[in-house]
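Working notes, structure below.
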Amino acid sequence: MLHRSMDDVVHRLALRLKLRNTRGTVVHHAALLKKIVEQQGFKAELVKGFCVIEETKEACEHFWVRTEGLDLDIGFKLASLKTPELMALRPILLERLPEGLTRSDLEEILIRDENNRLYDLHQSDPKAFWREAPRDVATFPLK
């Protein structure tokens, strides 16, 4: 039951982010999801790892929220809304990169560096993270 409820939370947030054309990165969106989950009374953590597509043996660095043993992926949900053919993929979220996979994000150095900077800032100083966030992210209505 909790799984379905959390899937609904992720889906509703993704729809609202898309509808409002909210700026920000995958880290910003995951941080919003973390806030929503915590408002519902659950502990949540922002997780850094890899999104793996087993069919193609590809992986890219990714960020998501973990709560109650569930991994909630707002980044993939939002991407699937923008590009529906992605829904056919079944990504796996892993904290460590298995051997033998191709990194599909190696050329995205600036994006990866910024995401890592934002993740580190969120972990070390959440108030600074939110002060620095784009206005439409920082003021996004959580309910």
Side-chain angles (χ1 to χ4, degrees), residues 1-98 101-106 108-143:
M1 187 65 156
L2 177 65
H3 187 268
R4 186 177 321 170
S5 170
M6 288 298 172
D7 281 347
D8 289 344
V9 169
V10 172
H11 184 74
R12 282 193 308 270
L13 176 58
L15 287 172
R16 291 174 56 222
L17 288 168
K18 182 181 179 207
L19 177 68
R20 292 171 172 266
N21 200 23
T22 306
R23 294 173 298 162
T25 68
V26 64
V27 178
H28 289 113
H29 300 156
L32 284 171
L33 177 59
K34 180 181 182 288
K35 273 186 161 185
I36 290 170
V37 169
E38 290 173 339
Q39 280 185 345
Q40 293 184 357
F42 298 99
K43 287 187 176 186
E45 70 174 308
L46 192 59
V47 179
K48 174 183 171 182
F50 296 90
C51 179
V52 175
I53 307 298
E54 284 189 303
E55 295 84 13
T56 61
K57 303 290 187 220
E58 291 179 297
C60 65
E61 194 168 68
H62 198 57
F63 302 85
W64 64 92
V65 174
R66 180 170 292 146
T67 184
E68 303 292 318
L70 298 174
D71 287 335
L72 308 175
D73 190 355
I74 187 67
F76 187 76
K77 178 57 92 172
L78 190 56
S80 296
L81 289 175
K82 293 178 180 178
T83 309
E85 33 307 339
L86 289 176
M87 290 176 14
L89 299 175
R90 299 284 178 232
I92 298 170
L93 300 174
L94 300 172
E95 290 184 61
R96 301 201 192 294
L97 183 64
L101 296 179
T102 302
R103 287 284 300 269
S104 61
D105 63 347
L106 289 180
E108 304 295 335
I109 295 167
L110 294 177
I111 293 170
R112 283 193 356 256
D113 286 350
E114 178 64 0
N115 284 338
N116 281 298
R117 185 189 73 77
L118 289 169
Y119 174 81
D120 292 342
L121 182 60
H122 184 273
Q123 299 301 90
S124 65
D125 190 351
K127 288 182 180 181
F129 173 85
W130 290 111
R131 276 193 310 270
E132 182 184 301
R135 181 161 171 73
D136 58 344
V137 171
T139 61
F140 190 86
L142 300 178
K143 294 191 178 207

Residue pair Ser104 / Glu58: nearest heavy atoms and the distance that separates them: CB-OE2, 3.9 Å
Between Asn115 and Lys48, a side-chain donor and acceptor under 3.5 Å: no
Side chains of Leu78 and Val26 in contact at under 4.5 Å (non-hydrogen atoms): no
Shortest non-hydrogen contact from Ser80 toward Met87: CB-CG, 3.6 Å
Separation between CG of Leu97 and SG of Cys60, rounded to the nearest 0.5 Å: 10.0 Å
Beyond-backbone contact of Arg117 with Asp113, side-chain heavy atoms, under 4.5 angstrom: no
Distance (rounded to the nearest 0.5 Å) between Lys35 NZ and Trp130 CH2: 4.5 Å
Interatomic distance, Lys77 atom NZ to Asp7 atom CG [nearest 0.5 angstrom]: 7.0 Å
Step-by-step side-chain contact (heavy atoms from CB on, under 4.5 Å) determination, Val65 to Lys34: CA-CA 6 Å; Val65 174; Lys34 180 181 182 288; 4.1 Å; yes
Heavy-atom pair of closest approach, residues Arg66 and Asp71: NE-OD1, 2.7 Å
Minimum-distance pair of heavy atoms, taken over all atoms of Gln123 and Leu46: OE1-CB, 4.0 Å
Distance-minimising heavy-atom pair for Val10 and Asp73: CG1-O, 4.0 Å
Distance (rounded to the nearest 0.5 Å) between Ile74 CD1 and His11 NE2: 10.0 Å
Heavy-atom side-chain contact between Leu32 and Leu17 under 4.5 Å: yes
Whether Arg112 side chain and Leu106 backbone form a donor-acceptor pair below 3.5 Å: yes
Validation row: Phe50, Asp105 side chains within 4.5 angstrom (heavy atoms): no
Nearest-0.5 Å distance, CG of residue Leu121 to CZ of residue Arg131: 8.5 Å
Heavy-atom check, side chain of Phe63 versus side chain of Thr25, under 4.5 Å: no
Heavy-atom check, side chain of Leu81 versus side chain of Leu15, under 4.5 Å: yes
Atom CD of Glu114: over 12 foreign heavy atoms under 6.0 Å: yes
Asn116 and Glu61, any side-chain heavy atoms less than 4.5 Å apart: yes
From Glu45 atom CD to Trp64 atom CH2, the distance as rounded to the nearest 0.5 Å: 9.5 Å
Phe129 and His122 aromatic ring geometry - parallel, tilted or perpendicular at 30°/60° bounds: perpendicular
Heavy-atom donor-acceptor pair, His29 side chain to Arg23 backbone, under 3.5 Å: yes
Minimal non-hydrogen separation, Ala59 against Val52, with atom names: CB-CG2, 4.0 Å
Side chain to side chain, Gln40 and Met6, heavy atoms closer than 4.5 Å: yes
